[in-house]
Amino acid sequence: MVQETETLKILQKIEDMMEYAYPALAQFPKSERYAMVADMKHSMDIMLEKAIEAEKKYYKKNTLQELDVEIMKMKTYVKMSYKLRFLPDKKRNVMNDYLAEIGRMLGGWIKTCQAREGNKK
């Protein structure tokens, strides 16, 4: 049951991040809308998909690792957006806070799964 509530929290946090990010991404220059903005939106979509997949799968380890990779990609996109001055400092900080919290939640979820695997052996 703990894992189920953790999953619902991580899904909600990803959705919250997406709600915040979409208007922020709309302010990027037109030249980046079909490049970096599209990549960032795609990355967030994959994060959402992987969280849903992990919730439904019996063996979650690979899916959770893929979600972890996608979080790292998104962190890199946010950092590059800030360096290129597409994303203001405040919005970068908010996005980084969302990603850090999602990462912590994911870390707890991975530890829970590893502990369950250890108990089965």
Side-chain angles (χ1 to χ4, degrees):
M1 190 67 183
V2 172
Q3 183 180 359
E4 229 173 84
T5 57
E6 185 69 25
T7 305
L8 295 176
K9 287 180 185 177
I10 200 168
L11 278 172
Q12 185 60 52
K13 192 55 70 174
I14 292 170
E15 289 173 9
D16 292 346
M17 179 187 65
M18 291 173 82
E19 284 178 33
Y20 180 82
Y22 271 57
L25 296 176
Q27 297 174 353
F28 275 45
K30 278 189 176 185
S31 62
E32 292 302 319
R33 293 214 179 122
Y34 297 103
M36 187 173 286
V37 171
D39 291 342
M40 291 174 81
K41 285 181 177 181
H42 183 68
S43 183
M44 288 186 287
D45 290 342
I46 291 173
M47 288 171 60
L48 188 66
E49 290 169 11
K50 295 299 177 187
I52 292 168
E53 285 176 29
E55 177 185 20
K56 297 297 181 186
K57 285 185 176 180
Y58 183 76
Y59 294 106
K60 302 172 185 314
K61 185 178 176 184
N62 289 341
T63 308
L64 293 176
Q65 288 172 338
E66 291 168 4
L67 177 54
D68 194 29
V69 168
E70 211 56 48
I71 290 169
M72 192 63 207
K73 285 183 190 178
M74 192 61 193
K75 285 180 179 180
T76 305
Y77 284 133
V78 169
K79 182 171 71 173
M80 287 304 303
S81 297
Y82 175 72
K83 284 183 176 180
L84 295 170
R85 298 189 177 142
F86 300 148
L87 199 60
D89 192 44
K90 183 181 180 214
K91 290 181 181 179
R92 176 195 63 156
N93 291 337
V94 172
M95 290 292 295
N96 281 335
D97 289 345
Y98 275 119
L99 291 166
E101 190 168 352
I102 292 166
R104 283 191 297 274
M105 294 168 118
L106 179 61
W109 194 2
I110 290 171
K111 285 181 184 177
T112 301
C113 289
Q114 288 173 341
R116 285 189 182 157
E117 284 180 13
N119 291 338
K120 290 180 183 179
K121 292 180 181 178

Between [X] and [Y], what is the shortest heavy-atom contact and its length?
| X | Y | result |
| --- | --- | --- |
| Leu64 | Cys113 | CD1-SG, 3.8 Å |
| Met105 | Lys13 | SD-CB, 4.2 Å |
| Met74 | Leu99 | CG-CD2, 3.8 Å |
| Trp109 | Ala51 | CH2-O, 3.8 Å |

Atom pairs and distances, donor-acceptor, side-chain atoms in residues 17-25, under 3.5 Å, two or more places apart:
none

Please enumerate all residues that pass salt bridge (Lys or Arg N to Asp or Glu O under 4.0 Å) together with [X], with sequence neighbours excluded.
| X | result |
| --- | --- |
| Lys91 | none |
| Glu15 | none |
| Glu49 | none |
| Lys73 | Glu70 |

All pairs passing salt bridge (charged side-chain N to carboxylate O under 4.0 Å, His left out) where residues 26-36 contributes a residue, at least two apart: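 Applying salt bridge (charged side-chain N to carboxylate O under 4.0 Å, His left out) to every pair that reaches into residues 26-36, excluding sequence neighbours, yields nothing.
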Which side-chain N or O atoms in residues 76-85 pair as donor and acceptor under 3.5 Å with protein atoms at least two apart or in another chain?
from, atom 1, to, atom 2, distance (Å)
Thr76, OG1, Met72, O, 3.0
Ser81, OG, Tyr77, O, 2.8

Supply the atom-to-atom distance [X] [atom1] to [Y] [atom2], rounded to the nearest 0.5 angstrom.
| X | Y | atom1 | atom2 | answer |
| --- | --- | --- | --- | --- |
| Lys41 | Met44 | NZ | CE | 7.5 Å |
| Ile52 | Thr63 | CD1 | OG1 | 12.0 Å |
| Leu11 | Lys50 | CG | NZ | 14.0 Å |
| Ile71 | Ile102 | CD1 | CD1 | 6.0 Å |
| Ile46 | Glu53 | CD1 | CD | 10.0 Å |

Listed by chain and number, what are the side-chain hydrogen bond (donor to acceptor under 3.5 Å, both in side chains) partners of Asp39, not counting sequence neighbours?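 With sequence neighbours excluded, Asp39 shows a side-chain hydrogen bond (donor to acceptor under 3.5 Å, both in side chains) to no residue whatsoever.
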Gln65: what forms a side chain to side chain contact (heavy atoms under 4.5 Å, CB included) with it, not counting sequence neighbours?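 Testing Gln65 for side chain to side chain contact (heavy atoms under 4.5 Å, CB included), a comparison that skips the adjacent residues, returns Lys61, Asn62.
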Start with the C-alpha gap between Tyr98 and Ile14, add the side-chain angles, then the distance that decides, and say whether side chain to side chain contact (heavy atoms under 4.5 Å, CB included) holds. CA-CA 8 Å; Tyr98 275 119; Ile14 292 170; over 6 Å; no
Check whether any side-chain N or O of Lys57 sits under 3.5 Å from a backbone N or O of Ala54 as a donor-acceptor pair, and report yes or no.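 No: the side chain of Lys57 does not pair with the backbone of Ala54.
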